[in-house]
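For reference, the structure is listed below as structure tokens.
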Amino acid sequence: MEEISPIDGSRRGLKTTLYLLSLFVYCTQSLYADHPGKAAIASAHYLATEAGHEVLAQGGNAFDAAVAVSSVLAVVEQTSSGIGGGALWLLHRASDNHEVMIDGREMAPAAAHKDMYLNADGSVNRDLAVNGPLAAAIPGEVAGLEHLAVNYGKLPLAQSLKPAIRIAREGFPVYTKLFRMLEYKEKVIRRWPAATKAFLPAGKVPEMGQIISLPELADVLEKIAGEGRDGFYTGAVAQKLVAGVRAAGGIWSMEDLAGYVVKERKPVRAHYAGYELVTAPPPSSGGIAIAEMLNILEPYHVEKLGKVQRTHLVVEAMRRAFRDRALYLGDPDFYPVPQSMLIAPDYAAGLRAGIMFDKATPSDMLPGRDNLPDGTDTSHFSIIDSAGNMVAATLTVNTIFGSSFMVPGTGFVLNNEMDDFSAKPGEPNAYGLIGFTANEIQPKKRPLSSMSPTLILGADKVAVLGTPGGSRIISMVLLGVLDFMAGNGPQSWVKLPRYHHQFLPDRISAEPDAFTAEEVLALQAMGHSVEVRNRCWGNMHGVMWDRKTGEVTAASDARSDAGRAIVR
Ligand code: GLY
């Protein structure tokens, strides 16, 4: 008789359990519809959502729709994303259940160096880091769009770019967010004549409803439609970009543009309450931070706890994940990110052991802190097509209108993504985030992102979500995921009151409606510092397919007026 060692026996038991589990999942799944039959798109602008449906109606799939939505956002929402910036598109292909992240994140130019934003006294020159051409990294969005169309779409790139070209040429009406953000950035925009001509026609902030057209941007998009990425990264457009950037004090070269590379990255996966989360890997910090926080939180069953206790534990998870973001995360092509450690349940168990149920952990008491070396903006859209293909995409020029710098004759602003690097160890960037060696500036490196496009996959339901919001992207997506786990749909995730903790500064910041006065007092009694802000944040767009009921739902955040979710 064969002798079975306890180890073999438990392995065999594990194998049987896994087999039965997969049989159960297969049988349950086969009870449900295998495709939604309808398509849902939720984005930050109604013209972008309509453009996505337009290419779906022409026989395109979710990936073609993603090209159309991204490129229309690049015209109508330059506050937040555009062809002068970058994006992360997380894809699920239904035919073979393939998931991949298309990394169109910007890259530092070859002449960038780690001290490039330091004044003579060693302090950081914040103006240079965020305004003007020196703040701009080499854009990745155009290369990403071509990659999407060629490798995943059904339609030619030129066809999916048509709505964006049309809207850039014919114009679109000024809406509330654009109007407010133009008022907010007017002074900076005025520094550069091309940006002033495009966004301050007649020399002033346009009226609400006034039509803005961007014919030069339409010309650039037409070049891309005709020549693919070469229409942007080499040839006449590239020459214009390099000359314009250098004339205004920037450091781009023709080689930087021609050398831009799109990367396909393996997504980060996390498991929570029987669902699988597929989310953004480095060079975003979002997926790892969300996986780490979910691992810490799962055994607490936070959905069953009272609000103050739940908030306390969620904040303690945020604190720890953001600490690790500061210490360990950067472009994986340049820095050995300890990804498997950070998303391991055992690592989370160690972090959980340090959490007290009734007391905040001061951030400077966390292990490792002493070892540190001295020293609404962005956009998101979510798509599911009738075949079940999904796209979660977060796109950015970094802060509002990016660097606000526009090369004459192009019609689009350049990003200021260089500020997502750590300009100096421990020195906060525009989002108050700190970083060290992992995210220091190096030539051709990608700056660390917080963008967290996310898919939730379950036998009964699948969901797509994400949001802009700088460092708060990560906590907003976490709260959205926890709300999904509590049984709620997109309408609920997008309107949840939000709170955030990012390790340093050591405080909870909260939207005006997030907590009652009593809840604030209860959190303070546990040792948390709570800052109730007078403004809301985020612009979440989510879609969900309930495979049991067949229902497809979508929702856009009401915090912004222009967003639109359409199921058709
Ligand atoms: N630029 C915002 C981010 O990537 O996190």
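Along the sequence shown, residues are numbered consecutively beginning with 1. Please read these numbers as outputs of a predicted model, since none were measured by experiment. We count ligands from 1, going down the list as the structure has it; atoms in each ligand are counted the same way.
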Among protein heavy atoms, which sits nearest to atom 1 (N) of ligand 1, and what does the distance come to when rounded to 0.1 Å?
Glu417 OE2, 2.6 Å
Any idea which atoms of ligand 1 are less than 4.0 Å away from a heavy-atom of Asn398?
1 (N), 2 (C)
Give me the residue, atom name and distance of the protein heavy atom closest to atom 5 (O) of ligand 1.
Ser450 N, 2.7 Å
Candidate pair Ser363 and Arg319, rule side chain to side chain donor-acceptor pair (under 3.5 Å), full reasoning:
CA-CA 7 Å; Ser363 285; Arg319 181 198 306 283; 3.0 Å; yes
Can you sort out which atoms of ligand 1 are near Arg105, meaning under 4.0 Å from one of its heavy atoms?
4 (O)
Could you tell me how the ring of Tyr275 sits relative to the ring of Phe484: parallel (under 30°), tilted (30 to 60°) or perpendicular (over 60°)?
perpendicular
Suppose we measure from atom 4 (O) of ligand 1 to each protein heavy atom; which comes out shortest, and what is that distance?
Ser449 OG, 2.6 Å
Checking heavy-atom distances from atom 3 (C) of ligand 1 to each of Leu433, Asp420, Thr396, the winner is Asp420
Please determine which of Val397, Val75, Leu217 meets the side chain to side chain contact (heavy atoms under 4.5 Å, CB included) test together with Phe412.
Leu217
Looking at Tyr233, does the NZ or CZ of Arg229 lie under 6.0 angstrom from its six-membered ring centre and within 45 degrees of the ring axis?
yes
So does Arg93 have more than 12 non-hydrogen atoms from other groups sitting under 6.0 Å from CZ?
yes
